[in-house]
Amino acid sequence: MTSSLVVDQQPAGPTFGSGGPQHHLLTVLAGKMISSTVCVLAQVGVADHMADGPRTVEHLARATGTDPGMLYRFLRAAASVGIFAELPDGRFELTGTGEYLRSDVPGSLRYLAWLYGEESIWNCFGYAVETLRTGESTGPKVRGGKGWFEYMEEHPEYAEVFHRAMTGTSNMAAQVADSYDFSRFGHIADVGGGQGRLLAAILSKNPDARGLLFDQASAITGAAEVLEQYGVADRTECVVGDFFESVTPGPDAYLLKAILHDWNDDDSVAILRNIRAALGDKKDGRVFIVEAVVPDGNDWHFSKAMDIAMAVSLGSKERNLRDWSGLLSASGFELVGTTKTMPPHWIIEARPV
């Protein structure tokens, strides 16, 4: 295990073509158009129909129920940034990047792309100036006054996309399990763990440990299949609950993967305090937060863009190391260190005080 309080600095984001500062700004402004294009192509599942090789636009249009002329234009735009490749005969094929828009590959980002284009998330950016001026999310404005999780309860079609997006990056679970040595913990809980892929990956590497999967009923659906797939079902207890009310005591390590960036500081402190209460007097207990750590400086980092998305849509945030330290301190924890795992995530380790 390696642990450090230094966060990664990723290289600058991609530039398409060459040109001066004005061209660079035009390229940045085109990001919205390209992102929307990729989100829409993910929604109709076009990449799945190229899994066996190049296809004509006409074939793809029939398979996806889209207009051939318009589909060509969308594919051409996506090909310009390396998602697909247009061949000399007019057919399109997947690139290595485009493979991750398929539904059936490990680490698939198809449902995440679909989620990013979901209307109530996308439309928040149309009111982003209000967030800039007021500091408040416009998400409830475009969701009929409802927060995202309340909205999902009323829109099960988007809830399914959300949960598939959260479980789609299965290679992330394996990398987190490989990045940190959890062997000293005999009982490990994943709070808000959904279908349990991360917990299952950790338990499969630690055969003497037991697991507790804690989430709402709608999120935990399908966990049994995942736990059986990893061979850890007999060592895992599934508990339905609300982490704002309480968290099941007993485990000596609690995981929170991609949870706290969905919530503002007050709500995040409430969640962490419930975990602190569940740990009781276990001074050797731990909470592990698997999230981005926003780096300082001017370099491009995915978390800096995601921070704006969280601000306008959910009223939440991505956090730098100082933010994480302050949040933990306010919740009865002390930051121990960070361990680099699958970008843009780190494993943030804290102990009770």
Side-chain angles (χ1 to χ4, degrees), residues 45 48 102-112 114-115 148-180 182-183 185-260 262 271 274-275 278 286-290 341-342 345 347:
D48 287 347
R102 288 174 51 186
S103 305
D104 59 346
V105 298
S108 170
L109 296 176
R110 181 206 169 183
Y111 290 100
L112 190 66
W114 184 348
L115 180 68
W148 169 245
F149 294 98
E150 183 183 6
Y151 173 82
M152 278 201 301
E153 289 180 3
E154 298 181 3
H155 294 81
E157 68 278 15
Y158 292 136
E160 181 180 358
V161 172
F162 174 81
H163 293 308
R164 289 194 180 203
M166 296 302 102
T167 60
T169 53
S170 57
N171 58 333
M172 177 184 176
Q175 192 156 337
V176 170
D178 288 339
S179 299
Y180 189 94
F182 291 93
S183 62
F185 302 108
H187 196 184
I188 303 168
D190 192 353
V191 177
Q195 294 182 346
R197 199 170 296 276
L198 174 60
L199 181 61
I202 291 173
L203 292 180
S204 66
K205 288 184 65 68
N206 297 276
D208 294 329
R210 294 177 296 117
L212 186 149
L213 183 62
F214 183 95
D215 211 327
Q216 295 180 326
S218 60
I220 216 167
T221 300
E225 181 180 350
V226 172
L227 297 172
E228 287 286 353
Q229 176 187 343
Y230 279 83
V232 298
D234 60 336
R235 293 188 281 131
T236 306
E237 178 186 9
C238 294
V239 177
V240 173
D242 182 345
F243 52 45
F244 284 114
E245 294 181 0
S246 64
V247 174
T248 304
D252 43 14
Y254 288 81
L255 307 168
L256 286 165
K257 182 182 77 69
I259 299 295
L260 298 183
D262 289 336
I271 296 167
N274 281 336
I275 292 176
R286 290 290 189 272
V287 61
F288 294 95
I289 302 168
V290 183
T341 187
M342 183 176 178
H345 295 88
I347 302 172

Residues forming a ring-ring contact (aromatic ring centres under 6.0 Å, His included) with Y158, sequence neighbours excluded: none

Value rounded to 0.5 Å, distance of CG in L115 from CZ in R164: 13.0 Å

Spatial distance of atom CG (L203) from atom CG (D208) [nearest 0.5 Å]: 11.0 Å

Rounded distance (nearest 0.5 Å) linking atom OG of S183 with atom CD1 of I202: 11.5 Å

pair C238-L227: side-chain heavy atoms closer than 4.5 Å: yes

Partner residues of D262 under the salt bridge (charged side-chain N to carboxylate O under 4.0 Å, His left out) criterion, sequence neighbours left out: none

Exam field: side chain H345 to backbone T341, donor-acceptor pair closer than 3.5 Å: no

CZ on F162 to CG on L112, rounded to 0.5 Å: 10.0 Å

Minimum side-chain heavy-atom gap F185-R286 below 4.5 Å: yes

For the student: nearest non-hydrogen atoms of K257 and M172, plus distance: CD-CE, 3.9 Å

Pairs where residues 228-237 contributes a residue and the test salt bridge (Lys or Arg N to Asp or Glu O under 4.0 Å) is met, not counting sequence neighbours: none

Any side-chain heavy-atom pair of V290 and I259 under 4.5 Å: no

Within-4.5 Å side-chain heavy-atom neighbours: Y230 and R197: yes

Evaluation steps, side-chain contact (heavy atoms from CB on, under 4.5 Å), between D48 and R110: CA-CA 10 Å; D48 287 347; R110 181 206 169 183; 3.8 Å; yes

Over 12 non-hydrogen atoms of neighbours within 6.0 angstrom of CD in Q229: yes

Name every donor-acceptor pair, under 3.5 Å, that has one atom in a side chain of residues 244-255 and the other anywhere in the protein, sequence neighbours excluded.
residue: D252; atom: OD1; partner: H187; partner atom: N; Å: 3.2
residue: Y254; atom: OH; partner: T248; partner atom: O; Å: 2.7

Under 3.5 Å donor-acceptor, S108 side chain and R102 backbone: yes

CD1 on I347 to CD on Q175, rounded to 0.5 Å: 9.0 Å

Ring geometry between Y180 and F182 (parallel below 30°, tilted from 30 to 60°, perpendicular above 60°): tilted

E154: salt bridge (charged side-chain N to carboxylate O under 4.0 Å, His left out) partners, not counting sequence neighbours: K146

Inter-residue atom distance L256.CG - F288.CZ, 0.5 Å rounding: 11.5 Å

Only distances under 3.5 Å count here; give the side-chain donor-acceptor pairs of residues 212-222 to other protein atoms, sequence neighbours excluded, each with its distance to 0.1 Å.
residue: D215; atom: OD2; partner: G193; partner atom: N; Å: 3.4
residue: D215; atom: OD2; partner: G194; partner atom: N; Å: 2.8
residue: T221; atom: OG1; partner: A217; partner atom: O; Å: 3.0

